[in-house]
Amino acid sequence: MAFWNRRKAIDVSEADRGRRLRPSLSWPHLVALGVGAIVGTGIYTLIGEGAARAGPAVIVSFAIAGAVCACASLAYAEMATMIPASGSAYTYTYAVLGELAGWVIGWTLILEYTVVCSAVAVGWAGYATGFLTGLGVHLPGVLTSGLASGGAVNLPAVLITLAVAALLAAGTRESATVNAVLVALKIGALLVFVAVAAPHFDAARFHPFMPYGFPAHDEAGMTRGVMGAAALIFFAFYGFDAVSTAAEEAKNPARDLTIGIIGSMAICTFLYMVIAAAALGSTPYPAFAASRAPLAFVLESLGHPNAARLIAGAAVVAIPTVILAFMYGQSRIFFVMARDGLLPQIMSRVSARTGAPVIVTVFTAALVALVAGVFPLGKIAEVANAGTLAAFVAVAVCMLVMRRREPTRRRPFRAPVPWVVGPLAITGCIYLFFSLAGITREIFVAWNALGLAAYFLYARGHSRLGQAEALGGKGKAV
Ligand code: ALA
């Protein structure tokens, strides 16, 4: 069979069975993992930049990004429960569209997950440095900025990355439980924000509603418009896909993944709309749009400094859950790609004691710490969006192809109206992709060109499916 068309078996193979991750998670862990991955830098900080791009109509940007993600989450839930194996979009694409497409999506996910973790670690370092300064502890500038920003290393960002990796290497269950406690704190602080800001609501602050128009466009070096904001705000919504990377570790994949993905998505969309309304209705948007900690700024300017400190403190304590969830997803993507032979085998070893893929977790942490320690936050969050949009398109395409190819296959969860939901997810993601800044799309294309080179130089020749074929086995049986 042609290499690009080699497809991984949908049912778990006997060969993989001996190297499966331990099923230790149930749906509350997965909802917490999802919310832990979704609520972070996006709502805590990018809401400000979103408002600068779209004005009060950023609330429409939230609705658009949320609707696209809701459609994609339904496709994810169907694919994750039909193929309950680690690897998320990479595994589905490999099984449905073939090895080459699977590799491209896996390579894209490596970029996405690394950049998300690094961006959030750098964002966290900014909050942590400010928090320490408030306590009278001043870190030297060379240790709080990476080489690319004029310092030596962003030490807080490196330290938080290593701490999260240690938690993951200690075993999935323990880290998921810690995650659940931190998620409760993060959501609690956001509810306090709404309770404090809502009494100051004034509908007049929503006029003019759409000062920068609807389509994304460049205005003096800044992307403006409702769609320009939606392409950025999209960052705030994803993370539910990290739940699907835990599919092998779910005790009851059909129930746990469905509740985990759709539940976490629904909770966050509702929360964001309420927070955006409270922020926009209580404070003129140009004021908080200029702040690096917009939610704390809103509370401070409304005369509630203690509540402002609470939300800032919660960000410092709880934002690491986002790094946790994405680093978890990243290590699982590496693990599965190595198990398939597309990356070096050493990355698929599982610890006999904890059941966690320790070597790959350490490798992931090193990669994330390197990027976080050297590069500034800048626009790297947008790069993560580009990778995520590509993965969402792939999953929606896989869902539609499978509906045609194997309509009677068992689907523990079936997306409603798939021929509406699927195309909406695909066109929505493509529209958002083209609403990103040009440089972001160029980085994405360059990364994938590198990926194609890696495929032809290494992965294609080491593919387990390819080797089985060469030995005369049937490709799909591996
Ligand atoms: N959704 C995640 C965040 O907002 C990536 O931080």
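Scope of the values below: all heavy atoms of this structure, side chains included, with no hydrogens, waters or symmetry mates. Note that ligands are numbered from 1 as they come in the structure, with each ligand's atoms numbered from 1 the same way.
Every heavy atom of G239 sits 4.0 Å or more from the atoms of ligand 1.
Ring geometry for Y76 versus F392: interplanar angle over 60°, hence perpendicular rather than tilted (30 to 60°). The aromatic rings of F235 and Y238 sit perpendicular to each other, their planes meeting at more than 60°, with 30° as the lower class boundary.
Counting heavy atoms under 4.0 Å from ligand 1, residue V322 touches it through the side chain alone.
Two residues are said to be in side-chain contact when any heavy atoms from C-beta on lie closer than 4.5 Å; L324 and P320 fail this criterion.
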Show every donor-acceptor pair shorter than 3.5 Å between a side-chain atom in residues 266-283 and any protein atom, with sequence neighbours excluded, or say none if there are none.
| from | atom 1 | to | atom 2 | distance (Å) |
| --- | --- | --- | --- | --- |
| T269 | OG1 | M265 | O | 2.9 |
| Y272 | OH | I38 | O | 3.1 |
| Y272 | OH | A236 | O | 2.6 |
| S282 | OG | A278 | O | 2.7 |
| S282 | OG | A279 | O | 3.3 |

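Under the 6.0 Å distance and 45° angle rule, R332 counts as a cation-pi partner of Y328.
A search for salt bridge (charged side-chain N to carboxylate O under 4.0 Å, His left out) contacts involving E219 returns R224, not counting sequence neighbours.
Looking at atom 6 (O) of ligand 1, its nearest protein heavy atom turns out to be T41 N, 2.8 Å. Among all non-hydrogen protein atoms, the one lying nearest atom 5 (C) of ligand 1 is F235 O, 3.4 Å. Counting protein heavy atoms only, atom 4 (O) of ligand 1 is closest to G42 N, 2.8 Å. Looking only at heavy atoms of the protein, atom 3 (C) of ligand 1 is closest to I38 O, 3.4 Å.
Interface of Y238 with ligand 1, defined as ligand atoms under 4.0 Å from a residue heavy atom, comprises 1 (N), 2 (C). With ligand atoms numbered from 1 in the order given, ligand 1 contributes 3 (C), 4 (O), 6 (O) to contacts under 4.0 Å with heavy atoms of G40.
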